[in-house]
**Student:** 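Below is the structure I would like to discuss, written out as structure tokens.
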Amino acid sequence: MKTISFYRNASGKCPVKEHLDSLTDTQTTKIAWVLKLIREIDHVPSKYFKKLVKTNDIWEARVDVGRNTFRLLGFFHGRELIILTNSFQKKSQKIPLKEIKLAEKRKKEYLSRR
């Protein structure tokens, strides 16, 4: 079983938690369900979790709640630990490049502290 943690910057701020705290109960319940699926299943359907191409090993968790789509980006630290670096509501087909760059930057910063 995998473990999922939220990235914290050097001062302890947790951007993913802050974003999730701003959502409705229905939205956070569905996100929690998808994260549980990712933790417990070895081969998660790509509809919910997939590696992004042309990135520095960044993975995307996708959550659809009604007409809203949420993305949580992160990376594997080892084989069983997933660090989620950022989350956002997706408004277009493509993931914004700035979100991918932010995930890569936070990954680099996280690994440099380990």
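What's counted below: heavy atoms across the whole structure, side chains too, no hydrogens, waters or symmetry copies.
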**Student:** Minimum heavy-atom separation for Pro96 and Phe88, please, with both atom names.
**Tutor:**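 That closest heavy-atom pairing would be CD-CE1, 3.8 Å.
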**Student:** Go through it in stages, so that I can follow the logic: the residues are His77 and Arg114, the test is side chain to side chain contact (heavy atoms under 4.5 Å, CB included), and I'd like the CA-CA distance, side-chain angles, deciding distance and then a yes or no.
**Tutor:** CA-CA 10 Å; His77 188 218; Arg114 298 288 175 244; 4.2 Å; yes
**Student:** side-chain hydrogen bond (donor to acceptor under 3.5 Å, both in side chains) for Gln89 and Asn68? Distances and angles first, verdict last.
**Tutor:** CA-CA 7 Å; Gln89 185 171 351; Asn68 297 307; 2.7 Å; yes
**Student:** Sequence neighbours left out, what pairs pass salt bridge (Lys or Arg N to Asp or Glu O under 4.0 Å) with at least one residue falling in residues 57-85?
**Tutor:** Lys51-Asp57, Glu60-Arg71, Arg62-Asp64
**Student:** Would you kindly say whether Thr24 and Gln27 are connected by a side-chain donor-acceptor distance under 3.5 Å?
**Tutor:** yes
**Student:** Take Ile95 and Lys90 through the side chain to side chain contact (heavy atoms under 4.5 Å, CB included) test and state the conclusion after the steps.
**Tutor:** CA-CA 7 Å; Ile95 297 174; Lys90 190 171 171 208; 4.2 Å; yes
**Student:** How long is the gap from NE2 on His19 to SG on Cys14, to the nearest 0.5 Å?
**Tutor:**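 Here the rounded value is 12.5 Å.
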**Student:** Hey, what do you get for CZ (Arg8) to OH (Tyr110), rounding to the nearest 0.5 Å?
**Tutor:**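 Going from the CZ atom of Arg8 to the OH atom of Tyr110 covers 11.5 Å.
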**Student:** At what distance, to the nearest 0.5 angstrom, does NZ of Lys36 lie from CE of Met1?
**Tutor:**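 Answer for the NZ-CE pair, Lys36 versus Met1, is 8.5 Å.
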**Student:** Mind checking the CD-OG spacing from Glu18 to Ser87? Nearest 0.5 Å is all I need.
**Tutor:**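 Glu18 CD to Ser87 OG: 9.5 Å, rounded to 0.5 Å.
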**Student:** Can you tell me how far the OH atom of Tyr7 sits from the NZ atom of Lys13, to the nearest 0.5 Å?
**Tutor:** 10.0 Å
**Student:** Hey, can you pull the donor-acceptor pairs under 3.5 Å for the side chains in residues 99-106, sequence neighbours left out?
**Tutor:**
unit_1 : atom_1 : unit_2 : atom_2 : d
Glu99  : OE1    : Asn86  : ND2    : 2.8
Glu104 : OE2    : Asn56  : N      : 2.8
Arg106 : NH1    : Thr85  : O      : 2.7

**Student:** Given a cutoff of under 4.5 Å between side-chain heavy atoms of I, L, V, M, F, W and Y, with clusters grown through shared members, what are the other residues clustered with Trp59?
**Tutor:**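 Once heavy-atom contacts under 4.5 Å are chained together, Trp59 belongs with Ile4, Phe6, Val16, Leu20, Leu23, Ile31, Trp33, Val34, Leu35, Leu37, Ile38, Ile41, Val44, Tyr48, Phe49, Val63, Val65, Phe70, Leu72, Phe76, Ile82, Leu84.
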**Student:** Where do Ile58 and Thr55 come nearest, in terms of heavy atoms and distance?
**Tutor:**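 Of all heavy-atom pairs spanning Ile58 and Thr55, the closest is N-OG1, 3.2 Å.
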